[in-house]
**Q** 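Let me give you the structure first, and then I'll get to my questions.
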Amino acid sequence: QVQVAESGGGLVQAGGSLRLSCAASGRTFSTYAMGWFLQAPGKERQCVAAISWSGGRTYYADSVKGRFTISRANAGNTVYLQMNSLKPEDTAVYYCAAVRTLSVGFYTREDDYVYWGQGTQVTVSS
């Protein structure tokens, strides 16, 4: 079992940047595919970025392509989400999720993931 915890959220002006971090417990982090989801008020949770266990494959939602970058440091049990050129519509609670897998791919569905963090609030002011 693995536990994940997000950090790095906050308030930023439109056009600014934030880097979210997700720290995971356990000694088998390198076998987990990871994802970042956001949930805006009144809306369903959706995947904005995902990464395979090796880091070799990544996914981005169309809304964040070219602005967000997902990466991982398996040695440090951490996955990151670098968010640049932030927009007010990026305002949401951001969640980190993990699933142990033998697949070389990534996962984008909420139901694919087993372990979730508590979320971190990102607010982008206009």
**Q** Can you confirm whether the side chains of R67 and S85 place a donor and an acceptor under 3.5 Å from each other?
**A**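 No.
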**Q** Kindly say whether A23 contributes a backbone atom to a donor-acceptor pair with the side chain of N77 at under 3.5 angstrom?
**A**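 Side chain of N77 to backbone of A23, a donor-acceptor pair under 3.5 Å: no, none is there.
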**Q** What heavy-atom pair brings Y113 and Y107 nearest, and what distance separates the two atoms?
**A**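 Scanning both residues completely, I find the closest heavy atoms to be OH-O, 2.6 Å.
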**Q** When you look at C47 and E110, which way does the side chain to side chain contact (heavy atoms under 4.5 Å, CB included) test go after all the steps?
**A** CA-CA 7 Å; C47 183; E110 189 174 353; over 6 Å; no
**Q** Flag the pair L38 / R45 as yes when at least one side-chain heavy-atom distance between them is below 4.5 Å, and no otherwise.
**A**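 Result no, sub-4.5 Å side-chain heavy-atom pair not found.
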**Q** With a distance cut-off below 6.0 Å to the six-membered ring centre and an angular limit of 45° from the axis, does R72 pair with Y80 as a cation-pi contact?
**A**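 No; the conditions do not both hold, so R72 does not lie above the ring face of Y80.
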**Q** Would you mind reporting whether V122 and T91 have side-chain heavy atoms less than 4.5 Å apart?
**A**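 They are not in side-chain contact.
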**Q** Quick one: do the Y60 and T69 side chains pair a donor with an acceptor below 3.5 Å?
**A**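 Distance-only check fails for Y60 and T69.
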**Q** One thing to verify: whether K87 and D90 come together as a salt bridge, which I'm taking to mean a side-chain N less than 4.0 angstrom from a carboxylate O.
**A**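 A salt bridge is absent here (no side-chain N lies under 4.0 Å from a carboxylate O).
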**Q** Of the non-hydrogen atoms in V2 and S25, which two are nearest, and what is the gap between them?
**A**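 Shortest heavy-atom contact: CG2-O, 2.8 Å.
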**Q** Any donor-acceptor pair under 3.5 Å linking the side chain of Q13 with the backbone of S125?
**A**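 No, Q13 side chain to S125 backbone: no donor-acceptor pair under 3.5 Å.
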**Q** Check whether any side-chain heavy atom of M83 lies under 4.5 Å from a side-chain heavy atom of S17, and answer yes or no.
**A**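 Side chain of M83 against side chain of S17, heavy atoms only: no contact under 4.5 Å found.
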**Q** Could you go step by step and tell me if L81 and Y94 meet the side chain to side chain contact (heavy atoms under 4.5 Å, CB included) rule?
**A** CA-CA 10 Å; L81 186 67; Y94 284 72; 4.2 Å; yes
**Q** For atom CH2 of W53, decide whether the heavy atoms of other residues, nucleotides or ligands shown that lie under 6.0 angstrom number more than 12.
**A**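 Open.
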**Q** Mind checking whether Y59 and F106 have parallel, tilted or perpendicular rings, split at 30° and 60°?
**A**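 If you compare the ring of Y59 with that of F106, the planes turn out tilted.
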**Q** What heavy-atom pair brings S126 and P88 nearest, and what distance separates the two atoms?
**A**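 Closest approach of S126 to P88: CB-CG, 3.9 Å.
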**Q** Does the side chain of W36 come within less than 4.5 Å of F68's, by heavy atoms?
**A**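 No, their side chains stay 4.5 Å or more apart.
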**Q** Fit a plane to each ring of Y95 and W116, take the angle between them on a 0 to 90° scale, and name the class: parallel (under 30°), tilted (30 to 60°) or perpendicular (over 60°).
**A**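 Rings of Y95 and W116: perpendicular, as their planes differ by over 60°.
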**Q** Is Y32 close to V4 at the side-chain level, that is, under 4.5 Å between some pair of heavy atoms?
**A**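 Side-chain contact under 4.5 Å: no.
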**Q** Apply the test side chain to side chain contact (heavy atoms under 4.5 Å, CB included) to residues C96 and V79: give CA-CA distance (whole Å), side-chain angles for both, the deciding distance (0.1 Å), then the verdict.
**A** CA-CA 9 Å; C96 177; V79 64; 3.9 Å; yes
**Q** Might you work through the side chain to side chain contact (heavy atoms under 4.5 Å, CB included) test for T120 and L20, ending with a clear yes or no?
**A** CA-CA 8 Å; T120 185; L20 304 183; 4.0 Å; yes
**Q** Given the ring of Y115, does R100 sit roughly above its face, with NZ or CZ under 6.0 Å from the centre of the six-membered ring and within 45° of the axis?
**A**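 No cation-pi geometry.
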**Q** Quick check: closest heavy atoms across F29 and A24, and the distance to 0.1 Å?
**A**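 Looking at all heavy atoms of both residues, the closest pair is CD1-CB, 3.4 Å.
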**Q** Looking at every heavy atom in both M34 and A98, which two are closest together, and how far apart are they?
**A**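 That would be SD-CB, 3.4 Å.
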**Q** Please determine whether the number of non-hydrogen atoms from other residues, nucleotides or ligands lying under 6.0 Å from atom CD of Q3 exceeds 12.
**A**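 Count not over threshold, so no.
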